[in-house]
2 protein chains.
Amino acid sequence: MTARREIPTIPDVAREAGVSMATAARALGGYGSVSAAAKERVAQAAKTLGYRPNVVARSMITGRTNAIGVVLADIENAFFSSAVRGIADAARAAGQHVILANTDEDIEKEHAAIRVFVERRVDGLIVCPTDGTDRTYLRGIIEQGTPVVLLDRRIRGLRADSVGIDNHRAAYEATRYLLAAGHERIGVVTGTASDVEAALHRPGLVGVENLVGMTGGERTAGYRDALLQAGIEPRVDYVVSGGGYRREDAVAATKELMALEEPPTAILPLDSILSLGVLQAVRELGLRCPRDVSVVGFDDAEWTETVTPPLTVVAQPVQEIGARALQRLLSRIDGSRQRPVHETLETTLVERESVGPPLSEG
Amino acid sequence: MTARREIPTIPDVAREAGVSMATAARALGGYGSVSAAAKERVAQAAKTLGYRPNVVARSMITGRTNAIGVVLADIENAFFSSAVRGIADAARAAGQHVILANTDEDIEKEHAAIRVFVERRVDGLIVCPTDGTDRTYLRGIIEQGTPVVLLDRRIRGLRADSVGIDNHRAAYEATRYLLAAGHERIGVVTGTASDVEAALHRPGLVGVENLVGMTGGERTAGYRDALLQAGIEPRVDYVVSGGGYRREDAVAATKELMALEEPPTAILPLDSILSLGVLQAVRELGLRCPRDVSVVGFDDAEWTETVTPPLTVVAQPVQEIGARALQRLLSRIDGSRQRPVHETLETTLVERESVGPPLSEG
DNA sequence: TTCCATGTTGATAACGTTCTCTCCCATCAG
DNA sequence: CTGATGGGAGAGAACGTTATCAACATGGAA
């Protein structure tokens with residue numbers, strides 16, 4: 001066993017300072033009223049003994065842990081690591097700590113993580129729910145007293161704040177941008193898992209926005225609506241997924257897209273890893289971007305302007321999304337009973353060099 | 001105030017089950033001996049009431065929090081987010097949680113983070129110390145009973161385990177690779193902060209490896225030794241830094257390098273963000289890689305094979321470094337008194353297309 | 001039958017804080 | 001001189017667990 005050296009406690013400090021435990025506690029904790037003289041002697045004694053408050057004991061009595069549980073898919077994904085950075089900075093300023101859990105989009109892991117966080121009595125949770133998350137589970141958590149804020153995604157029918165972007169509008173504008181460049185055959189590479197993928201395949205992409213809380217669904221709907229508004233009939237075979245959000249998935253999806261009889265002249269990958277896959281596939285097919293295919297990606301990753309060609313993207317203020325999520329959570333922790341707010345931050349279309357006019361036929 | 005609904009505790013469960021509190025506690029906690037019948041009734045009662053153990057109270061008495069503090073420069077940096085992923089996975093398997101703190105290479109933030117983690121009574125710390133960290137501070141933490149494992153970097157004279165790579169050897173081999181391709185004028189782009197940068201500027205780069213625990217120092221030494229072994233005199237003006245680890249810093253450093261009278265024909269950026277900067281600078285200068293300049297980077301980021309040209313890099317097993325660090329920490333937490341181990345994992349030189357023969361003169 | 005080992009149980013003491021309450025005493029207005 | 005007021009201090013409870021210890025069954029061996 002680790003023979004943790006005897007750690008001084010408040011009674012020790014009190015003894016050293018020659019005051020009662022209660023007085024020492026007040027002096028150290030900065031609450032109640034203590035004479036200047038006593039305060040001084042306690043401070044001195046604490047320094048001599050090297051006293052450090054025991055946060056666990058404090059949490060025990062105050063009922064607050066000053067810890068926030070953050071539940072997301074994968075911290076290695078740049079989107080999430082930026083979000084966590086935003087959360088962590090805001091948390092630090094508020095005296096809160098961030099505890100991390102990765103779900104890998106696995107509902108079981110998500111539930112397990114949330115359960116343990118609740119047992120740990122975190123002050124609140126920031127969750128990026130996986131596709132299948134049902135609202136009743138999280139509702140139970142909230143009703144039981146742990147505030148929850150959703151990040152990036154939403155859950156229909158759940159009374160919880162959420163912070164993200166307007167996915168429909170972001171995709172709508174990206175698509176309009178491609179339309180304006182002259183493209184009419186525009187493909188979408190999404191990461192949507194295969195089990196819900198079927199939902200995408202309704203004629204005319206009707207109802208994709210109803211895919212539960214999925215950013216992918218909302219973005220696909222935005223894409224569809226931009227096409228419709230331009231008088232172009234959405235094609236089901238232009239929306240493809242390799243089965244997940246890994247680069248290989250996007251490579252496969254892109255190749256599938258480009259193997260069509262009438263391949264698209266522009267591609268819209270729905271996140272940054274997928275963009276990487278699209279670029280790789282284009283390269284592997286011996287095509288040139290933007291000469292042969294134009295690309296507009298999502299998320300302004302660190303490499304987007306260094307890649308050739310520099311990638312035109314829809315940039316999300318990811319750190320700020322994280323920071324805002326934490327702010328909302330804090331105000332819930334402080335007892336705000338306001339009705340749920342769904343906050344959407346502005347996206348920016350960052351024009352670089354991956355979009356050109358469509359390759360003229362034949 | 002958040003009116004947290006009355007949360008059931010062990011006495012509540014005991015009452016419901018009609019047993020003593022002690023028995024209920026044993027049944028729920030899975031310790032001591034309880035009859036099958038009692039166990040059953042307690043489980044039933046717990047289910048009825050929706051009992052959830054209070055981890056804070058448990059920590060209070062056991063003295064263990066099952067939480068690991070992870071202190072690193074910046075979670076947004078891909079190296080660290082991969083390391084955290086490795087740590088988190090291993091931690092999950094061991095029933096531990098990960099609490100995060102970013103230092104931004106700021107010694108004050110690092111100390112503050114460690115202090116608060118100790119007050120939180122974390123079971124142990126994984127620290128990637130900033131350049132200026134003095135050993136006495138961490139030594140105090142360890143002696144006081146909180147085990148510490150260093151990640152990626154070391155601190156000379158500190159009795160703590162560390163996990164990372166053999167930086168000297170990795171840089172040595174990367175340099176040898178460039179030498180083998182025919183390069184004799186090889187530049188290094190490092191992120192070393194300006195205040196220690198001076199140390200790099202000794203004639204012949206003598207003693208760079210003594211820069212306190214710096215990966216940059218060790219890598220530069222490996223580079224130097226490869227040159228010396230090939231009979232090439234290291235040039236002080238070939239080792240440059242833009243003052244930090246941001247991309248702009250590397251852009252500036254690279255331009256400085258290429259503006260020399262005899263510019264290098266190959267560049268060795270010492271981390272992945274710096275590689276991005278080097279590539280960007282090469283591009284901005286209207287040069288082509290590898291035709292005009294060859295590049296070997298550090299760390300196999302997700303974009304390295306998608307960039308043009310695909311980047312040849314020294315790959316570190318980053319997730320594994322994190323996982324091993326956690327393993328070492330766990331064994332210390334379990335009381336291992338073994339003398340400190342410095343574990344170095346193998347790196348791999350991943351050959352892609354960013355290295356070619358040097359451009360023949362004029 | 002007696003005795004000891006073993007398994008089960010309950011009462012109660014920790015753990016290190018913060019919170020509640022009471023008491024003391026000095027001050028000051030009437 | 002009296003009574004109200006309030007700052008300062010101390011004793012002890014409370015938080016929800018786990019740990020300790022004694023008490024009590026039960027059963028098999030002597």
Which of the following nucleotides, D:dT17, C:dT17, C:dT8, is nearest to the side chain of B:Ser33? C:dT8
In whole Å, what is the span from the CD1 atom of B:Ile10 to the P atom of C:dA13? 18 Å
Of the candidate nucleotides C:dT17, D:dG16, C:dT8, which contains the atom at the shortest distance from the side chain of B:Asn54? D:dG16
Closer than 4.0 Å, any side-chain N/O of B:Ser35 to the OP1 or OP2 of C:dT9? yes
Send over the distance from A:Asp12 CG to C:dG16 P, rounded to a whole Å. 9 Å
Calculate the interatomic distance between A:Arg26 atom CZ and D:dG8 atom C1'; express it in whole Å. 7 Å
Nearest-Å distance for atom pair CD1/C1', residues A:Ile61 and D:dG12: 12 Å
Between atom CZ in A:Arg120 and atom P in D:dT17, what is the gap in whole Å? 15 Å
OP1, OP2 of D:dG16 versus side-chain N and O of B:Thr9: anything below 4.0 Å? no
Measure CZ/B:Arg58 against P/D:dC15 and give the value in whole Å, please. 19 Å
Are B:Asp161 and B:Arg324 ion-paired here, with the side-chain N under 4.0 Å from a carboxylate O? no
Closest to the side chain of A:Ala25, out of C:dT9, C:dT18, C:dA11, is C:dT18
Does A:Asp89 form a salt bridge (Lys or Arg N to Asp or Glu O under 4.0 Å) with A:Arg92? I'd like the steps, not just the answer. CA-CA 5 Å; A:Asp89 285 351; A:Arg92 208 172 75 93; 5.4 Å; no
Separation of atom CE in A:Met21 from atom P in D:dA11, rounded to whole Å: 10 Å
Under 4.0 Å: is that the gap between some side-chain N or O of A:Tyr31 and OP1 or OP2 of C:dT18? yes
Side-chain N or O of A:Thr23 less than 4.0 angstrom from OP1 or OP2 on D:dG10? yes
N or O in side chain of B:Tyr51 less than 4.0 angstrom from D:dT17 OP1/OP2: yes
Return the value, rounded to whole Å, for the distance between atom CG of A:Leu28 and atom C1' of C:dT17. 11 Å
Touch class at under 4.0 angstrom, heavy-atom based, for B:Val55 against every strand present: nothing
